[in-house]
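Worksheet: one structure, shown below.
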Amino acid sequence: MKPLKKFMSGELNRVKKIVKSSLKPNGTIVNDMSFQLYNSGGKKLRPMFTILAGKLGDTAHYEDVLKTSASLELLHMATLVHDDIIDDSALRRGKPTVFYEHGYFQAINTGNYLLSSALQIVSKINNPKFHETYSRGIREIVQGELIQFDTQFDARQSLDEYYRKIYRKTALLIVLSIELGGYAAELNDKLMQHLSTYGYHIGMSFQIIDDCLDFTGSTSTLGKPNYSDIKNGHYTLPVLLLRDSDAEFKKMLEEFSETKENPEQLIQYILNTDALDRALEVSTEHLNAALAETEHIDAPIKQYFIEIADMLKNRRN
């Protein structure tokens, strides 16, 4: 069996051609920046999930699977461009963001252009369930952004609110990638359920690890400044777990939420506790739940889903 990277290289090149054809780099800022974003790296996890789900279905529909894969990567990029505006982020994948390099209006236009391009690619797929799922997913992603605003600098937010937020922020797009790949390939409902559950747990684990890396990763590794979550008032799992178990830290967090001053004190306090390890234990629980779902997936695709979960287990820096 080929390693995942080798197995995917040819398929992702086909996806790249669809993206390039859709964005048509032509010297305008919006078009060129959009294509540069696609080329700037990233793990391309979402198109991989779409392709893997599609490989389980009828090859007659595989061209639709590739279009779906390209579409979802453009949707993901659109959310990143808009996130960078919301978070006032200077860097993305180690490079200046569209927002910082070209300003607010060009960033808004770029995000909207990516979103409209994403939808156009799949507009001719003849499957009502596909389009119903896609449109509902986009609405939930936007709802997640609104929830993030509502909970910013909110020291009283619950763990349930945090989990709902990261589901919409990250896990939902992974679930969508798998589900839409499955609908494009016309998979049966039972297999779709196992794939969706796998995607949910992978997505939750991925975001929790990201939240921990914000404290332990370097700027060069992350492609953005570390500690940005807590400085921007986005309280992630390590912060919330420590708040609920340490009265002194809870008081410090409440004071910071009021003053927005001296985040370094909070950061150092967190780093001197086991909060990150406890959060990573939750991530591991999700990974184990995802792996359990692979028992219902046929080989050799099953092994690639397992390989991605194992990659996440080792993603600690």
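Because the structure is a prediction, the values reported are computed rather than measured.
Ion pairing of Glu254 with Arg243 is absent here, as no side-chain N (NZ or NE/NH1/NH2) approaches a carboxylate O to less than 4.0 Å.
The shortest distance between side-chain heavy atoms of Leu52 and Ile308 falls below 4.5 Å. The side-chain heavy atoms of Gln207 and Lys169, taken from C-beta on, include a pair separated by under 4.5 Å. Proximity of Arg278 to Leu237: side-chain heavy atoms (C-beta onward) are nowhere separated by under 4.5 Å. For the pair Val239/His234, no side-chain contact is recorded, criterion being any heavy-atom separation below 4.5 Å from C-beta on.
Applying the side-chain hydrogen bond (donor to acceptor under 3.5 Å, both in side chains) test between Glu293 and each of His194, Gln193, Lys302 identifies His194 as the sole match.
Scored by the ring pair (Phe, Tyr, Trp, His ring centres under 6.0 Å) test, Phe7 finds Tyr304 as partners (sequence neighbours excluded). Every residue meeting the side-chain contact (heavy atoms from CB on, under 4.5 Å) condition with Ala70, not counting sequence neighbours, appears here in chain and number order: Val15, Ile18, Val19, Ile121. Legend: residues meeting side-chain contact (heavy atoms from CB on, under 4.5 Å) with Glu161, ordered by chain and number and at least two apart, are Gln157, Ser158, Arg164.
In the hydrophobic clustering of ILVMFWY residues, with side-chain heavy atoms under 4.5 Å counting as a link, Val81 and Tyr104 come out apart. Following chains of ILVMFWY side-chain contacts shorter than 4.5 Å, one cannot reach Phe105 starting from Leu115, and the two form parts of different hydrophobic clusters. Taking hydrophobic clusters as Ile, Leu, Val, Met, Phe, Trp and Tyr residues chained together by side-chain heavy-atom distances below 4.5 Å, Ile178 does not share a cluster with Leu291. Hydrophobic clustering (ILVMFWY, side-chain heavy atoms < 4.5 Å, transitive): Leu66 and Met8 are in one cluster. Val142 and Leu119 sit in two unconnected hydrophobic clusters of ILVMFWY residues. Membership requires side-chain heavy atoms under 4.5 Å apart, directly or through other members.
Aromatic ring centroids of Tyr162 and Tyr235 lie 6.0 Å or more apart.
Counting only distance, with no hydrogens or angles, the side chain of Gln152 and the backbone of Asn232 share a donor-acceptor pair below 3.5 Å. Judged by distance alone, with hydrogens and angles left aside, the side-chain atoms of Asn188 form a donor-acceptor pair with the main-chain N or O of Lys190 at under 3.5 Å. Of the possible polar contacts, none joining the Asp58 side chain to the Ala185 backbone as a donor-acceptor pair under 3.5 Å is found. Ser69 contributes no side-chain N or O that, together with a main-chain N or O of Val65, makes up a donor-acceptor pair within less than 3.5 Å.
Here the CG-CD distance, from Asp274 to Glu281, works out to 8.0 Å after rounding to the nearest 0.5 Å. To the nearest 0.5 angstrom, Tyr198 atom OH is 14.0 Å from His296 atom NE2.
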Hey, mind stepping through Ser205 and Ser283 against side chain to side chain donor-acceptor pair (under 3.5 Å) and telling me if it holds? CA-CA 4 Å; Ser205 172; Ser283 168; 2.8 Å; yes

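In this structure, Lys55 satisfies the cation-pi test against Tyr62, with its NZ or CZ atom closer than 6.0 Å to the six-membered ring centre and inside 45 degrees of the ring normal.
Taking the six-membered ring for Trp and thresholds of 30 and 60 degrees, Tyr167 and Tyr200 have ring planes inclined between 30 and 60 degrees apart.
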